[in-house]
Amino acid sequence: MSESKKKENFFEDVYAVVRLIPEGRVTSYGAIASYLGAKGSARMVGWALIASHPATQIPAHRVVNRVGMLTGKQHFDEPNAMQQRLEAEGVRVENEQVMDFDKLFWDPTKELL
DNA sequence: CCAGTGACGGCTA
DNA sequence: TTAGCCGCCACTG
C-alpha cells in the first residue's frame with residue numbers, strides 16, 4: 001500500500017468518528033486524536049476538518065477544543081453557523097463557549113470504544 | 001532549504 | 001489560580 005494513502009486514512013478516520021458523534025453532543029480534537037492513536041497531535045484533527053470542510057459533509061460543529069470553545073467557527077461558511085447549529089441540537093452556547101461541556105462531552109475512547 | 005503559522009493540549013512558573 | 005511556553009505534525013511563503 002502507498003504511504004501517501006495512509007494520510008488519507010487518517011482524514012477518513014477523523015470524518016468517521018465525527019459522524020458518529022450523537023446529536024446534541026460534542027467532543028474535542030484531542031479526544032479524537034487520542035482515539036486514532038495520534039495522541040498529542042490534536043492539531044492534525046483540526047487540519048483534517050478544514051480539508052473536509054465543503055468536500056465532506058460532517059457535523060464539524062460538534063467538535064470543539066478541550067475547554068468547549070468554538071475556536072473553529074471562523075472556518076465555517078458563516079461564523080454564526082457553528083453556534084447556531086449547536087443550539088439547534090439543544091446545546092447551550094454562551095459567548096462562543098459550550099455550556100455544560102462536561103455533560104455533553106462525548107469521548108470516543110469511552111463511548112465508542 | 002528554512003521559518004512561520006495553525007479548528008490543540010499539557011506542563012511549568 | 002491564572003498566565004505563559006513548549007511540543008506534535010502538516011502546509012504555505
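The basis for the numbers below is simple: all heavy atoms, side chains too, and nothing from hydrogens, waters or symmetry mates. Given the structure is predicted, the values throughout are model-derived calculations rather than measurements. Every chain is numbered from 1, with letters handed out A, B, ... down the list of sequences.
- Between B:dG9, B:dA7, C:dC11, one nucleotide has an atom nearer to the side chain of A:His53 than all others, and that is B:dA7.
- The side chain of A:Ala42 has B:dG9 as its nearest neighbour among C:dA10, B:dG9, B:dA7.
- Atom CD of A:Gln74 and atom C1' of B:dG6 are 13 Å apart (whole Å).
- Shown here is A:Glu111, whose CD atom has more than 12 heavy atoms of other residues, nucleotides or ligands within 6.0 Å.
- Atom CG in A:Asn65 sits roughly 13 Å away from atom C1' in B:dG10 (whole-Å rounding).
- In this structure, A:Lys39 places its NZ atom 18 Å from P of C:dG7, rounding to the nearest Å.
- Of the candidate nucleotides B:dG6, C:dC8, B:dG9, B:dG9 has the atom nearest to the side chain of A:Tyr29.
- In this structure, A:Gln97 atom CD and B:dA7 atom P are separated by 18 Å, rounded to whole Å.
- Without hydrogens or angle criteria, A:Thr27 side chain to A:Trp106 main chain gives a donor-acceptor distance under 3.5 Å.
- One can place CD1 of A:Ile50 at 7 Å from C1' of B:dG6, the figure rounded to the nearest angstrom.
- Within the nucleic acid shown, A:Ala60 comes within 4.0 Å of at least one base atom, counting heavy atoms only.
- Atom name C1', nucleotides C:dA3 and B:dA7: the rounded distance is 22 Å, in whole Å.
- When distances are taken from the side chain of A:Met44 to each of C:dA10, B:dG9, B:dA7, the shortest belongs to C:dA10.
- For A:Arg66, whose side chain is taken as the heavy atoms from C-beta onward, the closest listed nucleotide among B:dA7, B:dG10, B:dG6 is B:dG10.
- Comparing the P positions of C:dC5 and B:dG4 gives an interatomic distance of 16 Å, to the nearest angstrom.
- Between A:Phe11 atom CZ and C:dA10 atom P the separation is 9 Å, expressed in whole Å.
- In this structure, A:Gln83 atom CD and B:dA7 atom P are separated by 18 Å, rounded to whole Å.
- Looking at the side chain of A:Ser41, the nearest of the listed nucleotides B:dA7, C:dC8, B:dG6 is C:dC8.
- Rounded to an integer number of Å, the gap from A:Lys73 NZ to B:dA7 C1' is 13 Å.
- Using a 4.5 Å heavy-atom cutoff, the side chains of A:Asp107 and A:Tyr35 are not in contact.
- Comment: A:Arg62 engages A:Glu89 in a salt bridge, judged by a side-chain N to carboxylate O separation of less than 4.0 angstrom.
- Looking at A:Glu96 and A:Lys73, a side-chain N of the basic residue comes within less than 4.0 Å of a carboxylate O on the acidic one, giving a salt bridge.
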